[in-house]
Amino acid sequence: MSQEPYSKFSAHPGNLGHPSLKRTHYCGALRLTDAGASAQLNGWVQRRRDHGGVIFVDLRDRTGMTQIVFDAQIDATAHERASAVRSEFVLNVSGTVREREPGEHLFQLEEARYESTNLLAWSVRSSDGEVLFQSDTREEEDVTLSAEFRARFAEVDKKYTLSDELKVAVREPGMRWLLTDVENNRTYEIHLAASRLETAPADEKGLVLNVYQGTVNPELTTGEIELAVDSLNILNPAKTPPFPVEDDVEVAEDIRMQYRFIDLRRPTMQQTLAMRHKAALAARNYMNENGFLEIETPILMNSTPEGARDVLVPSRHYPGRFYALPQSPQQFKQILMMSGVDRYFQIARCFRDEDTRSDRQLEFTQLDIEMSFAGVDDVLEVTEGLMKRIFEEAGSIPIEIPFQRLPYHESMARFGTDKPDTRFGMELTELGDIMADSDFQVFTRALASGGQVKAIAVPGGADFSRKDIDELTKFVGIYRAKGLAWVKVTTDGFSSGIVKFFKPGQLETAQARTGAQPGDIMFFVADRANVVADALGNLRTHLARKLNLIDETRYNFLWIVDYPLFEWNAEEHRYEPFHHLFTGATDETVGLLDTDPGKVQSQHYDLVCNGYEICSGSVRIHRWDIQQKVFDVLQISPEDVKSRFGYFIDALEYGTPPHAGIAPGLDRIVMLMRNEENIREVIAFPKSQQGLCPLTHAPSVVTEEQLAELSIHVDAPASADAS
RNA sequence: GGGCUCGUGGCGCAGUUUGGUUUAGCGCGCCUGCCUGUCACGCAGGAGGUCGCGGGUUCAAGUCCCGUCGGGCCCGCCA
């Protein structure tokens with residue numbers, strides 16, 4: 001039959017009546033202390049368990065779940081309506097909060113004895129004095145159960161074996177306990193018979209101990225209570241969702257994005273949304289407390305063809321002219337410094353029309369920051385405080401500041417990248433000096449043509465099979481490495497087909513430098529410096545993941561500093577800015593702009609955490625003459641400068657204060673705090689890798705009229721959405 | 001621009017190597033009925049698939065070939 005729930009409800013006008021929607025609690029809020037109170041909840045149906053005379057429904061909202069119970073004896077109408085309720089229906093219920101009753105009586109022990117010295121140290125003994133169960137610390141978990149007592153459990157509850165991971169909670173001192181088997185996720189209630197207690201002190205002999213099946217759900221924060229419903233309003237039925245609203249369900253990305261409104265109902269997604277909000281709030285508060293003004297800058301601005309591809313927006317008034325969406329508010333934030341704002345920040349959306357990666361989207365969010373009369377140390381200090389505030393306040397992750405600083409060249413040398421993951425070792429080791437006179441031509445040729453030979457030692461790698469090594473060779477091939485030489489270190493010496501090419505001492509030196517131990521393998525790459533860095537750097541992280549060498553609980557923050565100002569583009573025989581056009585040089589090297597631009601050091605800094613670049617910034621050029629020299633080095637003609645940056649150059653000549661800034665990437669920060677490996681997981685409405693939005697079908701074809709107004713003629717065939 | 005990989009009921013997957021014994025199977029979900037203590041409820045019964053799309057090879061295509069659309073990872077790109 002078709003799954004069309006709507007018809008069932010159109011015949012029940014009672015469901016369409018408007019009850020008060022004012023709830024008394026969220027679904028994750030009720031606790032044992034609320035027992036006896038009446039409550040009204042709104043939420044979505046997580047699951048329904050229909051037992052005929054009684055129906056259980058888990059009602060969910062963004063805070064959690066509460067079990068609500070429909071009992072024909074409490075309210076026949078609500079019970080009848082509840083039988084039609086299905087997953088994701090939206091309900092409004094009211095009723096009484098009640099402690100979950102003990103279930104089936106399992107067994108009884110006569111002549112139990114309770115002893116206590118205080119509320120926290122107590123025991124229950126059998127009549128012959130053997131301890132049945134006891135707890136003598138403040139830790140609820142520290143419970144001992146006698147073998148005899150365990151045996152009684154085994155007799156009655158054959159489906160489960162009581163595990164060793166037990167928790168006991170005192171319900172009423174000397175009378176009732178809640179025993180939780182954490183591993184099996186089951187509870188039991190242990191009662192000393194109340195009738196006997198009325199007349200005798202609790203620690204006297206002759207009590208009766210009863211054990212019941214518990215109905216508490218230890219997995220739910222609200223698991224000690226339930227809501228006995230006396231009134232149900234079905235606010236809206238729902239089609240069966242395309243996938244269950246649960247964590248850890250694997251669903252294809254396009255389906256998740258197409259039904260993002262359902263995907264976002266999942267608890268982890270709700271937690272991420274909440275954490276992202278907290279991170280933004282913490283940032284706002286911190287920036288405010290430190291004297292920064294939040295100022296908005298235009299979304300429609302001019303295109304500057306430096307750097308990334310711009311996202312363009314056609315102008316209706318000026319045919320053939322386009323706005324660009326900001327790659328970042330770079331120029332505006334500098335102009336704000338020129339404007340005397342002194343300290344600016346903005347939670348800014350940025351757009352870069354480049355291909356996506358697991359940590360890159362077409363549009364993303366930066367905490368854009370700029371400050372006047374500031375140098376490197378000032379920005380780093382403010383940023384460290386900001387990171388500490390965000391990670392601790394939003395992520396409950398303690399952060400120690402200040403962060404270490406690592407020069408760019410050292411990072412490249414040791415890790416092969418300027419965004420190193422320092423949670424594990426396997427650092428790259430230079431071997432060019434000792435390998436130059438080996439007989440291994442792969443090495444000697446690379447060195448002779450100005451290249452490098454470097455190596456890493458992989459713990460336990462001596463176990464790698466031929467097939468493993470072939471796969472790794474293929475892996476480094478992605479980074480243009482032509483091969484991957486290897487030598488296994490064993491207790492008997494070196495093992496590899498290439499051992500014969502080395503002179504005595506060469507492999508020993510390699511072993512000493514890489515720190516390889518017997519049982520390890522050394523991997524060598526010989527090539528141009530950037531190929532060696534890419535191949536070994538990526539191999540290093542690849543193997544660390546594969547071999548589980550990464551402590552996922554750690555957050556290793558690291559400043560990368562002392563970048564070069566320019567990078568030589570060998571193909572086009574000219575310099576390019578390493579960071580961007582407005583990055584300042586260090587005082588020590590600024591003089592080299594005229595003579596040796598390649599040696600100029602910039603005042604650029606990146607903050608790296610666990611292999612992700614999470615902030616990037618610099619001290620800016622604030623003097624016209626220096627900016628002019630940079631344009632000269634980059635061979636940007638005066639005409640180009642005037643047309644592209646004219647207003648900016650103007651402003652530099654009207655009293656620009658020294659200023660510096662940085663831009664932490666909010667998406668990646670939240671990714672790190674949530675331990676997510678994909679940026680889509682921390683964006684409410686992300687785009688697919690091809691830049692499509694499966695929910696709204698953007699980008700879409702527009703009408704001929706719209707195009708005509710913009711004087712745009714589209715050359716490509718307008719392919720309709722294929723799905 | 002390029003490489004790798006995936007696409008089979010609502011979801012997740014098996015089947016694709018070696019084309020035909022497959023009436024395309026499994027788990028979850030869904031539907032109907034029963035059930036008063038479940039919480040991955042249970043029990044009984046049931047429905048649901050142009051194997052992404054197009055073309056080709058063949059007596060015969062989920063399976064082989066070409067193209068195309070979509071998802072993912074990566075190289076290039078990302079000042």
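Here the structure is a predicted model, which means the values were calculated and not measured. Residue numbering restarts at 1 for every chain, and letters A, B, ... go by the order of the sequence lines.
Note: A:Y563 and A:Y605 fail the aromatic proximity criterion, with ring centroids not under 6.0 Å apart.
If you check distances only, the side chain of A:R360 does reach the base of B:rC78 with a donor-acceptor pair under 3.5 Å. Between the side chain of A:Q258 and the base of B:rG71, no donor-acceptor pair under 3.5 Å is found. Between the side chain of A:D254 and the base of B:rG72 there is no donor-acceptor pair of N/O atoms closer than 3.5 Å. On a pure distance criterion of 3.5 Å, a polar donor-acceptor pair joins the side chain of A:D50 and the base of B:rC35. Residue A:R100 places a side-chain atom within donor-acceptor reach of the base of B:rU38, judged by atom type and a 3.5 Å distance cut-off alone. With hydrogens and angles left out, the side chain of A:R98 and the base of B:rG37 share a donor-acceptor pair within 3.5 Å.
Between A:W568 and A:H573, the ring-plane angle classifies as perpendicular under the 30° and 60° cut-offs. Under the 30°/60° scheme for interplanar angles, the aromatic rings of A:F631 and A:F645 are found to lie parallel.
Comparing B:rC78, B:rC73, B:rG76 against the side chain of A:R357 picks out B:rG76 as the nearest. Distance from the side chain of A:E354 is smallest to B:rC78 among B:rC13, B:rG10, B:rC78. Listed nucleotides B:rC73, B:rG10, B:rU38 differ in distance to A:F56; the shortest reach to its side chain belongs to B:rU38. Residue A:T215 places its side chain closer to B:rC39 than to any other of B:rC39, B:rC74, B:rC78. Nearest to the side-chain atoms of A:I478 among the listed nucleotides B:rC74, B:rG76, B:rC78 stands B:rC74. With distances taken from any side-chain atom of A:N185 to the nucleotides B:rA40, B:rU38, B:rC78, the minimum falls on B:rA40. The A:E253 side chain lies nearest to B:rG72 when the options are B:rG72, B:rU36, B:rC13. Comparing B:rC74, B:rC78, B:rG72 by their nearest atom to the side chain of A:S358 picks out B:rC74.
Per the geometry, NE2 belonging to A:H697 stands 12 Å off P belonging to B:rG70, to the nearest Å. Distance CD (A:Q213) to P (B:rC39): 10 Å, rounded to an integer number of Å. If you measure from atom OH of A:Y212 to atom C1' of B:rG37, you get 15 Å, rounded to the nearest angstrom. Residue A:R256 contributes atom CZ, which lies 17 Å from atom C1' of B:rG70 at whole-angstrom precision. One can place CG of A:L59 at 16 Å from C1' of B:rU38, the figure rounded to the nearest angstrom. Protein atom CD1 of A:I68 is 18 Å distant from nucleotide atom P of B:rU38, rounded to whole Å. We find that CD of A:E104 is positioned 8 Å from P of B:rU38, with the value rounded to whole Å. Going from atom CG of A:D248 over to atom C1' of B:rC28 covers 15 Å, rounded to whole Å.
Residue contacts shown for A:L220 are absent, as no nucleic acid heavy atom lies under 4.0 Å away. Among the atoms of the strands shown, base atoms are found under 4.0 Å from some heavy atom of A:E226. Nucleic acid contact for A:Y479: sugar-phosphate only, since backbone atoms but no base atoms lie under 4.0 Å from a heavy atom of the residue. Counting any heavy atom pair closer than 4.0 Å across all strands shown, A:T304 reaches no nucleic acid atom. Among the atoms of the strands shown, none is found under 4.0 Å from any heavy atom of A:Q327. Here A:Q67 lies in heavy-atom contact (under 4.0 Å) with a base. At the heavy-atom level, A:R680 lies under 4.0 Å from the strands shown only through sugar-phosphate atoms. Residue contacts shown for A:I255 are limited to sugar-phosphate atoms, with no base heavy atom under 4.0 Å away.
Of the P atoms belonging to B:rG2 and B:rU21, the separation is 39 Å, rounded to the nearest Å. For the C1' atom pair drawn from B:rC65 and B:rG19, the interatomic distance equals 13 Å after rounding to whole Å. Distance check on atom P: B:rC77 versus B:rU63 gives 39 Å, rounded to whole Å. Using atom P as the reference point in both B:rU16 and B:rU32, the two lie 37 Å apart (nearest Å). Across the C1' atoms, B:rG33 and B:rA47 are found 15 Å apart, a figure rounded to whole Å. As rounded to the nearest Å, B:rU8 and B:rG54 have P atoms that lie 15 Å from one another. Rounded to the nearest Å, the gap between the C1' atom of B:rG9 and that of B:rG15 is 15 Å. Taking atom C1' on both B:rA40 and B:rA24, the two are 28 Å apart, rounded to the nearest angstrom.
Base pairing of B:rC26 is made with B:rG12, judged by Watson-Crick or G-U wobble geometry with both donor-acceptor distances under 3.5 Å. B:rC64 and B:rG56 make up a base pair, with Watson-Crick or G-U wobble contacts both under 3.5 Å.
Contact annotation: A:N217 side-chain N/O to B:rG37 OP1/OP2 distance is not under 4.0 Å. Regarding contacts with the backbone of B:rG71, a side-chain N or O of A:S688 is found under 4.0 angstrom from either OP1 or OP2. Contact annotation: A:R49 side-chain N/O to B:rU38 OP1/OP2 distance is not under 4.0 Å. At B:rG3, none of the side-chain N or O atoms of A:R480 fall inside 4.0 Å of OP1 or OP2 (strictly under the cut-off).
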Exercise. In sequence, state the C-alpha distance, the side-chain angles, and the governing distance for A:R256 and A:E253, and then conclude on salt bridge (charged side-chain N to carboxylate O under 4.0 Å, His left out).
Key: CA-CA 5 Å; A:R256 288 183 60 194; A:E253 286 293 325; 3.4 Å; yes
Quiz prompt | Derivation of the salt bridge (charged side-chain N to carboxylate O under 4.0 Å, His left out) call for A:D632 and A:K629 | solution = CA-CA 5 Å; A:D632 288 346; A:K629 282 184 186 176; over 6 Å; no
Practice problem: Please test A:R60 against A:E88 for side-chain contact (heavy atoms from CB on, under 4.5 Å), starting from the C-alpha separation and ending with a verdict. | Solution: CA-CA 9 Å; A:R60 183 200 71 239; A:E88 300 309 309; 2.9 Å; yes
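Under 3.5 Å, the side chains of A:T541 and A:D421 contain no donor-acceptor pair of N or O atoms. At a cut-off of 3.5 Å, with distance as the only test, no side-chain donor of A:D562 or A:H409 sits close to an acceptor on the other residue. For the residue pair A:Q366 and A:S328, no side-chain donor N or O sits within less than 3.5 Å of a side-chain acceptor on the partner.
Once the 5.5 Å centre distance and the 30° plane angle are applied, the aromatic ring of A:F243 is found not to be stacked with the base of B:rC11. By the stacking rule of 5.5 Å between ring centres and under 30° between planes, A:H51 does not stack on the base of B:rU38.
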